[in-house]
Amino acid sequence: MGKTAYLYNKIYTEHDTKQGHPERSERLLAIDEKLKSSPFYKDLIQVDIIPADVKHIELIHERKYIERVKKEIESGILYLDSMDTVVSDRSYEVSLYAVGGCLNMCDYIMRGEAENGFCAVRPPGHHAENDYAAGFCIFNNIAIAAKYLQSAHNIKKIAILDWDVHHGNGTQHSFESDNSIYYISLHQYPHYPGTGTSNERGFGDGEGYTLNIPMRAGSGDKEYLEAFNKQILPELENFKPEIILISAGFDAHISDPLSSIYLSTDMYYQFTKMLKEIANKYSNKRVISFLEGGYNLDALEDSVYLMMKAFVEDD
């Protein structure tokens with residue numbers, strides 16, 4: 001059995017999005033309960049949490065944005081930048097712990113204490129832009145982690161695979177002129193946030209290092225497996241990443257209320273196994289998954305369980 005790390009802490013449930021909001025604390029509670037009942041839970045390496053140093057958040061976000069988030073949340077606002085991103089009095093603090101925990105996960109993986117890991121954190125991150133919050137996201141956890149891996153651990157080539165049903169606009173915009181970070185997204189289109197057409201391929205030095213695979217409403221297992229086999233896996237083989245990061249949204253599941261994509265639960269097991277095969281060849285087995293969307297609790301916990309099952313299994 002490979003060594004798999006798990007990041008979760010009750011503090012991540014204290015970002016209160018109020019009753020009726022799809023991105024709610026119960027998501028993490030469901031995931032954690034499911035994993036605790038698994039036969040492999042006792043073998044998971046538990047990752048400590050710490051609040052992120054603002055200098056690391058500044059790898060992606062403007063300082064004036066970080067300061068504004070802190071000030072506005074402390075002032076008692078209910079929404080940050082749009083009606084989507086509901087906040088509460090502890091949201092800034094919880095966001096710091098979300099980023100800090102993810103960076104700690106990076107350290108665990110890079111020290112060889114685990115081969116792969118899952119960051120069960122909230123608020124999620126991939127919609128957060130350089131200077132504004134969007135789509136339930138405040139700080140872009142995965143983008144910050146990528147820059148941290150480069151600055152703190154001298155990683156040269158990083159692949160980010162975003163299988164959330166919504167395009168990760170914030171992550172793409174962070175790296176679209178950067179040829180050291182290959183951003184790949186498959187997502188329902190047209191759908192929120194409206195970005196992610198196939199002709200968005202990056203620019204300047206980063207041209208050709210963004211790959212968007214827009215999926216029509218009604219797409220399912222067959223279409224996604226075809227995208228992996230014909231586009232994603234060949235691109236990753238060619239790029240040869242030193243680590244693979246996953247924006248792991250589970251809202252492309254057939255039971256999810258916020259999309260019209262029809263993936264079965266088993267797809268998340270298969271996606272993870274395919275990415276592990278690439279990581280085994282080029283990335284010293286290093287894969288880190290970051291929770292993004294997924295709003296049907298039963299589908300979410302079952303899909304995360306299968307992703308983690310794929311992580312812990314020997315290849």
Side-chain angles (χ1 to χ4, degrees), residues 2-4 106 109-110 112 114-118 126 142-143 145-147 149-150 153-164 167-168 171-172 174-187 189 196-215 219-249 252 263 266-290 292 306-315:
K3 294 183 292 184
T4 296
C106 293
I109 300 296
M110 294 308 302
E115 294 172 353
N116 51 54
F118 172 49
H126 72 154
I142 194 169
K147 293 295 284 186
L149 283 162
Q150 291 187 325
H153 294 287
N154 201 33
I155 290 287
K156 298 290 193 295
K157 296 169 70 176
I158 297 173
I160 298 177
L161 190 283
D162 190 333
W163 70 46
D164 189 278
H167 179 246
T171 310
Q172 175 178 306
S174 295
F175 304 123
E176 56 194 348
S177 63
D178 186 342
N179 61 13
S180 68
I181 297 177
Y182 196 158
Y183 177 72
I184 302 173
S185 176
L186 63 176
H187 47 272
Y189 187 88
T197 63
S198 56
N199 60 11
E200 294 170 37
R201 297 280 289 139
F203 56 83
D205 290 343
E207 186 172 353
Y209 292 88
T210 296
L211 174 62
N212 285 303
I213 307 172
M215 308 299 285
S219 298
D221 295 1
K222 177 176 176 286
E223 291 81 5
Y224 269 67
L225 286 173
E226 185 173 308
F228 264 85
N229 288 316
K230 291 188 175 180
Q231 296 184 74
I232 295 170
L233 297 180
E235 287 295 314
L236 291 175
E237 288 273 0
N238 186 53
F239 183 62
K240 300 176 176 57
E242 294 172 52
I243 190 169
I244 296 173
L245 308 182
I246 305 169
S247 258
L263 291 185
D266 184 60
M267 279 300 99
Y268 295 105
Y269 177 83
Q270 295 200 41
F271 296 162
T272 308
K273 294 293 275 189
M274 288 187 279
L275 294 176
K276 276 185 72 180
E277 285 182 23
I278 297 290
N280 290 347
K281 290 171 74 172
Y282 304 114
S283 315
N284 200 24
K285 299 186 176 181
R286 297 183 295 229
V287 184
I288 306 175
S289 175
F290 301 75
E292 302 286 2
L306 286 184
M307 178 187 71
M308 293 293 278
K309 182 173 183 284
F311 272 155
V312 303
E313 285 178 351
D314 290 326
D315 298 299

- Task: Give a yes or no on whether the ring-centroid distance for F175 and Y209 is below 6.0 angstrom.
- Result: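 No; Y209 has its ring centre 6.0 Å or more from that of F175.
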- Would L211 and R201 satisfy side-chain contact (heavy atoms from CB on, under 4.5 Å), going step by step from the backbone distance to the final call? CA-CA 6 Å; L211 174 62; R201 297 280 289 139; 3.7 Å; yes
Is it true that the side chains of [X] and [Y] contain a donor and an acceptor less than 3.5 Å apart?
X	Y	answer
D162	Q172	no
Q150	S180	yes
N238	K240	no

What I'd like to find out is whether the side chain of [X] reaches to under 4.5 Å of the side chain of [Y], using heavy atoms alone.
X	Y	result
E235	I232	no
L233	I278	yes
D221	Y224	no
T4	E115	no
H153	E242	no
H187	D164	no
H167	Y189	no
F118	T272	no

Give me the atom names and distance for the closest heavy-atom approach of [X] to [Y].
X	Y	answer
I243	I288	CD1-CD1, 4.0 Å
K285	N280	CG-OD1, 3.3 Å
S283	P241	OG-O, 2.7 Å
S177	D205	O-CB, 3.8 Å
G196	P214	O-CG, 3.5 Å
G112	K3	O-NZ, 3.0 Å

- Task: In sequence, state the C-alpha distance, the side-chain angles, and the governing distance for S247 and E292, and then conclude on side chain to side chain donor-acceptor pair (under 3.5 Å).
- Result: CA-CA 6 Å; S247 258; E292 302 286 2; 2.8 Å; yes
Reported [atom1]-to-[atom2] distance for the pair [X] and [Y], which is rounded to 0.5 angstrom:
X	Y	atom1	atom2	result
Y183	I158	OH	CD1	14.5 Å
I109	L149	CD1	CG	9.5 Å
N212	T210	CG	OG1	7.0 Å
L236	K281	CG	NZ	10.5 Å
L186	S219	CG	OG	9.5 Å
L225	L263	CG	CG	8.5 Å

Short side-chain to backbone donor-acceptor contact, [X] and [Y], under 3.5 Å:
X	Y	answer
W163	G249	yes
Q231	A227	no
K276	E313	yes

- Message: If the threshold is 4.0 Å, N to carboxylate O, is there a salt bridge linking K273 and E277?
- Response: no
- Query: What orientation do Y182 and F239 show, parallel under 30°, tilted 30 to 60°, or perpendicular over 60°?
  - Reply: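 Y182 vs F239 ring planes: perpendicular.
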